[in-house]
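If you're wondering where the values come from, they're calculated on a predicted model, not measured in any experiment.
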Amino acid sequence: MAPENSTDDLQDAQDIAHGYALSDLRSYGRRRGRKFSPRQQQLWDEVLPRFRADPSRLTTACDTWLEIGFGGGEHLIWQATHNATVEIIGCEPFEDGVVKVLDAIETGPLKNIRLHPDDARDLIRKLPDASIARAFVLFPDPWPKKRHVKRRLVGTGLLRDLARVMKPGAELRIGTDIADYARTMLMAFQGEPAFHFTALRPADWQIRPEDWPQTRYEDKAVREGRRSVYLLFRRV
């Protein structure tokens, strides 16, 4: 019988061979669910190229926001709808979620979304300094098993990259329903002086802000009896 972690070790070796550091290993699971329908394939082939994020084209003409791991796209679409003058870059490696946002773009008036259908860290490293006015990391995969903790996205490496690309005064919003993950997130922020935790009282992190719509992942947490936390940080 193969060792329990042999598959993980193989994935780690493949990631490192592709240029990832150990702290930068893949933080997401599968990339696709079911096979695309003809409609979904058309969206991927024809609509995505028109709305693919291009870091070299960022300008100061409007604020640019960044959502890392938008899942099914509920939050991304809501923010784009309610902030029409803001350009929002959404990063998501799971292709089914990308297609859902592409459908919303194609069937609605949303023209202020740009998509990166891959690991957000690849794109962040290409963004200009101080180019992002707000960033979101909402309910990232918690990787609950002990041997998988190294794959958690929010850590010192990501914070260092975000500190470079976020404007002074920019807001970083992070949500999670996993208490252990929240603890390690806060520990990572303690080592990154570029960010200031804005909470002054428990309600500041226990109550979701009005302009932070609930996503399907938070719905699942509620159904399963887990309490979510809403962490807001300011780029110093």
Side-chain angles (χ1 to χ4, degrees), residues 15 18-28 48 51-71 73 75-80 82-94 97-98 101 111-141 151-176 181 184-198 209 211-212 230-236:
D15 289 342
H18 282 83
Y20 291 100
L22 183 61
S23 61
D24 212 24
L25 297 175
R26 194 172 73 175
S27 62
Y28 53 89
L48 177 58
F51 291 91
R52 187 180 287 270
D54 182 354
S56 67
R57 298 184 63 182
L58 283 187
T59 70
T60 58
C62 68
D63 280 343
T64 300
W65 294 359
L66 173 69
E67 181 163 357
I68 300 172
F70 58 75
H75 178 270
L76 179 67
I77 292 169
W78 190 95
Q79 293 292 355
H82 290 79
N83 298 278
T85 62
V86 173
E87 182 172 280
I88 306 181
I89 300 174
C91 302
E92 175 57 58
F94 188 53
V98 176
V101 175
K111 304 304 177 187
N112 58 331
I113 293 177
R114 296 295 179 267
L115 297 172
H116 178 68
D118 212 324
D119 193 317
R121 293 166 293 190
D122 297 338
L123 178 131
I124 292 171
R125 288 166 189 154
K126 298 175 183 176
L127 292 174
D129 293 354
S131 58
I132 299 299
R134 182 177 292 184
F136 311 90
V137 189
L138 308 183
F139 299 90
D141 194 323
R151 296 189 178 278
R152 287 179 171 177
L153 176 64
V154 181
T156 55
L158 179 69
L159 299 186
R160 182 175 59 247
D161 290 340
L162 286 175
R164 181 186 65 81
V165 302
M166 294 183 70
K167 297 179 178 180
E171 186 179 70
L172 172 58
R173 297 184 175 189
I174 299 180
T176 183
Y181 202 176
T184 59
M185 287 175 178
L186 290 171
M187 290 175 62
F189 275 99
Q190 287 181 345
E192 180 47 74
F195 290 100
H196 168 68
F197 188 33
T198 64
D211 62 343
W212 182 332
Y230 312 94
L231 309 177
L232 277 65
F233 300 86
R234 189 76 61 185
R235 176 67 171 88
V236 177

Minimal non-hydrogen separation, [X] against [Y], with atom names:
X: Gly175; Y: Pro140; answer: O-CD, 3.4 Å
X: Asp161; Y: Arg125; answer: OD2-NE, 3.1 Å
X: Leu159; Y: Phe195; answer: O-CE1, 3.6 Å
X: Phe70; Y: Gly97; answer: CE1-O, 3.6 Å
X: Ile132; Y: Ala170; answer: O-CB, 3.5 Å
X: Asp141; Y: Tyr181; answer: O-CE1, 3.6 Å

Closer than 3.5 angstrom, by distance alone: can the side chain of [X] be matched with the main-chain N or O of [Y] as a donor-acceptor pair?
X: Asn112; Y: Asn83; result: yes
X: His116; Y: Asp119; result: yes
X: Glu92; Y: Gly71; result: yes

Value rounded to 0.5 Å, distance of [atom1] in [X] from [atom2] in [Y]:
X: Leu186; Y: Phe197; atom1: CG; atom2: CZ; value: 5.5 Å
X: Glu87; Y: Arg57; atom1: CD; atom2: CZ; value: 9.0 Å
X: Leu115; Y: Arg52; atom1: CG; atom2: CZ; value: 9.0 Å
X: Ile88; Y: Trp65; atom1: CD1; atom2: CH2; value: 6.0 Å
X: Leu153; Y: Met185; atom1: CG; atom2: CE; value: 8.0 Å

Practice task
Answer yes when Arg114 and Asp54 have at least one side-chain N-carboxylate O distance shorter than 4.0 Å, and no when they do not.
Solution key: no

Handout entry: Salt bridge Arg134-Asp211, side-chain N to carboxylate O under 4.0 Å
Key = yes

Heavy-atom side-chain proximity of [X] to [Y] below 4.5 angstrom:
X: Thr176; Y: Val154; result: no
X: Gln79; Y: Val86; result: no
X: Trp212; Y: Leu138; result: yes
X: Lys167; Y: Asp63; result: yes
X: Leu232; Y: Glu171; result: yes
X: Leu127; Y: Thr64; result: no

Handout entry: Residues that Arg235 engages under salt bridge (charged side-chain N to carboxylate O under 4.0 Å, His left out), provided they are two or more places apart
Key = none

Problem - Crowding at NZ, Lys126 (>12 non-hydrogen neighbours, <6.0 Å) - result: no

Practice task
If the plane angle is over 60° it's perpendicular, under 30° parallel, otherwise tilted; pick one for Phe189 and Phe233.
Solution key: parallel

